[in-house]
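These numbers were taken from a predicted model, which means no experiment stands behind them.
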Amino acid sequence: MNTDSKDSDGHINHTVPCASDSLVSEDDGESGITSVDADADLDANANESVIITESSESDVDDELKSTLALPVVAEPEKHSSNDSCVSDAGDNKKVVEDFDTWQRIIRLDAVRTNGEWIPFSPVQAAVSDGKARQLAEEVGLKDYDHLEPCRIFHAARLVAVLEAYAIYDPEIGYCQGMSDLCSPIIAVMEEDHDAFWCFVGFMRKARHNFRLDEVGIRRQLNLVSKIIKVKDSHLFRHLEMLQAEDCFFVYRMVVVLFRRELTFEQTLCLWEVIWADQAAIRAGIGKSAAWGRIRLRAPPPTDDLLLYAIAASVLQRRKLIIEKYSSMDEILRECNSMAGHLDVWKLLDDAHGLVMSIHDRI
Amino acid sequence: MASRRRMLLKVIILGDSGVGKTSIMNQFVNRKFSNQYKATIGADFLTKEVQVDDMLFTLQVQIWDTAGQERFQSLGVAFYRGADCCVLVYDVNVMKSFENLNNWREEFLIQANPSDLENFPFVVLGNKIDVDGGSSRMVSEKKAKTWCASKGNIPYFETSAKEGFNVEAAFQCIARNALKDEPEEELYLPETIDRATNRQRSTGCEC
């Protein structure tokens, strides 16, 4: 599987690409699946990936520690990760980003992460100035003097985890938006290695949002479009008239799972409900006999609750869109300015309502 | 023609991640700077009214700020529709961001597919000239101007979105160049454009 094993620079080239290769191949098998049949495969994949992860975890864990302490270790990895990106992209016209670029963007995004998490993580909020600056030094953070210690600390931890992830999963590497997904995990998990593996678990599904071939995004935008079409043909016809039926205006919500539209606390609520649904699917609850008894009162679990929630947020504004908006631009602006105006519980109620009423038809 | 009519120009800002596209847009529209703008995901836009000094009408400039990572570009086609001008931005302190200008230009021409490929108006901005008082600069003004000249004399500006330097001047030029591309008849269109006309225009299949 891994052809770089001759490398004399040390063990990182053997172990890390190995772990990422298995992750990549596992996900590639899953990626083309768009129907509900995915449930069974996902279940099998989930078990498989646990085994893969465990078998490589001890190796990678050592690597991780050294990477976290000293990001320069990542340097020898550069070429092999490039190679895999080129072959996976399969599009020779595209210029593939290298690890240096990822490092630069990760640092850029880390220092501009906001401090919304601070009230929810008092231990990390109380970090000393010395400790924060030391960690920032270790991961090679720059331009952070305008930040308070806890935010410097948070930024440095983001760099450590995201850079390790870029090595772990070189097909994805780093893409903007991933820091939005990682920041809440870092805020909740106080140890870098815990945060890293949680992020890996999170990314198992979310990584498709950042793929070079964009199929993950397209599939999800299509599904949002389909939900709206089935639920509200009037609104859908209006969107068609504006050439907006591709639902590009919800692009950001899909990519970073509502992180930009919801507050920190609301995001955690929504994500946990989404994850609970996905866990229920993996456990086969949707198909069990017990489910048959309660299904009249509750919506079946779905892998795509996020997309129902996104469709719900658009449907909540259907009147405005139909009566007032005459271009895709205006709808995009409406969606981009939802931040701070959403009620996450109402959103979830509406999303569940959608699942109840049209899940069978999607 | 000399009425107080309003015209809408659509300007797309492209360039690598972190070169300052969002900052340039906000400096121009809101005259403010923040080092805490989050990375743009997908696209966003702001609108500003502009008076081009020797013209008698008000311009509505709609500036589209796009995500800087190339992997999302083929999705960007929805945002490029009907663009009147494309602003290419690089960071004078990051060589790679300059080298990538060519890709951004070509990608834009492929995706947006403007009717006149040869003469579609671009403007290049070399941003962040304020950093370290210029001592960490990697791309010289001469090098940038040479490239711009080789691509059909693209106008070039050195800017600092942080200090607001040259941003206004750059956008005056952007507005003029975008206008140059507008067909003369455009000015005589009725005030309200019905949807059918709109659709025809954006698919580019009239005439």
Side-chain angles (χ1 to χ4, degrees), chain A residues 89 91 93-98 100-102 104-109 111-115 143 146-147 151 172-180 209-214 217-218 221 241-244 246-256 259-260 326-329 332-333 335-337, chain B residues 8 10 16-20 22-23 34-47 62 64-79 81-82 91 93-97 99-100 102-104 106-107 110 131-132 136 192-196 198-203:
Chain A
D91 183 353
K93 273 217 76 177
K94 290 221 168 182
V95 180
V96 175
E97 293 161 345
D98 55 20
D100 291 343
T101 303
W102 292 336
R104 184 177 69 82
I105 310 173
I106 288 171
R107 280 161 183 72
L108 210 66
D109 289 351
V111 294
R112 50 183 175 165
T113 300
N114 68 25
D143 305 324
H146 58 289
L147 299 176
R151 289 181 63 185
I172 299 299
Y174 178 73
C175 182
Q176 294 192 303
M178 281 165 61
S179 63
D180 290 79
N209 296 359
F210 304 102
R211 283 168 59 146
L212 285 154
D213 59 14
E214 297 167 355
I217 286 292
R218 284 176 197 279
L221 290 174
M241 202 169 67
L242 309 181
Q243 295 185 312
D246 52 15
C247 290
F248 259 87
F249 46 85
V250 298
Y251 187 89
R252 189 174 76 185
M253 297 177 192
V254 172
V255 174
V256 291
R259 180 65 198 95
R260 294 284 177 93
S326 54
S327 71
M328 193 271 256
D329 305 358
L332 178 87
R333 168 164 285 180
C335 288
N336 280 358
S337 60
Chain B
L8 182 74
K10 183 169 176 178
D16 280 8
S17 301
V19 298
T22 306
S23 296
S34 159
N35 47 18
Q36 294 296 308
Y37 292 125
K38 290 184 191 163
T40 306
I41 310 275
D44 206 350
F45 69 91
L46 290 176
T47 312
Q62 190 187 61
W64 283 75
D65 175 27
T66 58
Q69 260 179 307
E70 174 144 348
R71 66 183 85 183
F72 289 138
Q73 280 317 298
S74 71
L75 286 164
V77 65
F79 307 126
R81 258 181 227 154
D91 176 347
N93 309 290
V94 180
M95 181 57 83
K96 193 82 188 263
S97 70
E99 290 166 356
N100 280 341
N102 210 32
N103 295 330
W104 284 111
E106 284 176 7
E107 193 81 354
I110 293 167
V131 173
D132 294 340
S136 57
T192 48
I193 299 168
D194 69 61
R195 284 174 185 140
N198 227 344
R199 288 179 73 182
Q200 264 191 359
R201 274 192 59 206
S202 52
T203 49

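- Judged purely by atom type and a 3.5 angstrom limit, A:D246 has no side-chain atom pairing as donor or acceptor with the backbone of A:L221.
- In this structure, B:K10 contributes its side chain and B:R81 its backbone to a donor-acceptor pair below 3.5 Å.
- Heavy atoms closer than 4.5 Å to chain B are found nowhere in A:R259, neither backbone nor side chain.
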For this session: Test side-chain hydrogen bond (donor to acceptor under 3.5 Å, both in side chains) on B:S97 and B:D91 and set out the steps.
Result: CA-CA 6 Å; B:S97 70; B:D91 176 347; 5.6 Å; no

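- Using a 4.5 Å cut-off between heavy atoms, A:F210 touches chain B through backbone and side chain atoms alike.
- The greatest number of non-hydrogen atom pairs below 4.5 Å with chain B, out of A:V256, A:D329, A:V255, is found for A:D329.
- Below 30°, between 30° and 60°, or above 60°: for B:F79 and A:F248 the angle between ring planes is above 60°, a perpendicular geometry.
- At a 4.5 Å heavy-atom cutoff, the contact between A:T101 and chain B is made by side-chain atoms alone.
- Contacts of A:V111 with chain B are made by backbone atoms alone, with heavy-atom separations under 4.5 Å and no side-chain atom involved.
- Contact count against chain B (heavy-atom pairs under 4.5 Å) is highest for A:R260 among A:M328, A:R260, A:R104, A:R252.
- In terms of modelled atom types and a separation under 3.5 Å, the side chain of B:Q69 and the main chain of A:Y174 share a donor-acceptor contact.
- Judged by distance alone, the side chain of B:D16 and the main-chain N or O of B:E99 form no donor-acceptor pair under 3.5 Å.
- Residue A:D143: no heavy atom, backbone or side chain, is found under 4.5 Å from chain B.
- Heavy atoms closer than 4.5 Å to chain A are found in both the backbone and the side chain of B:A39.
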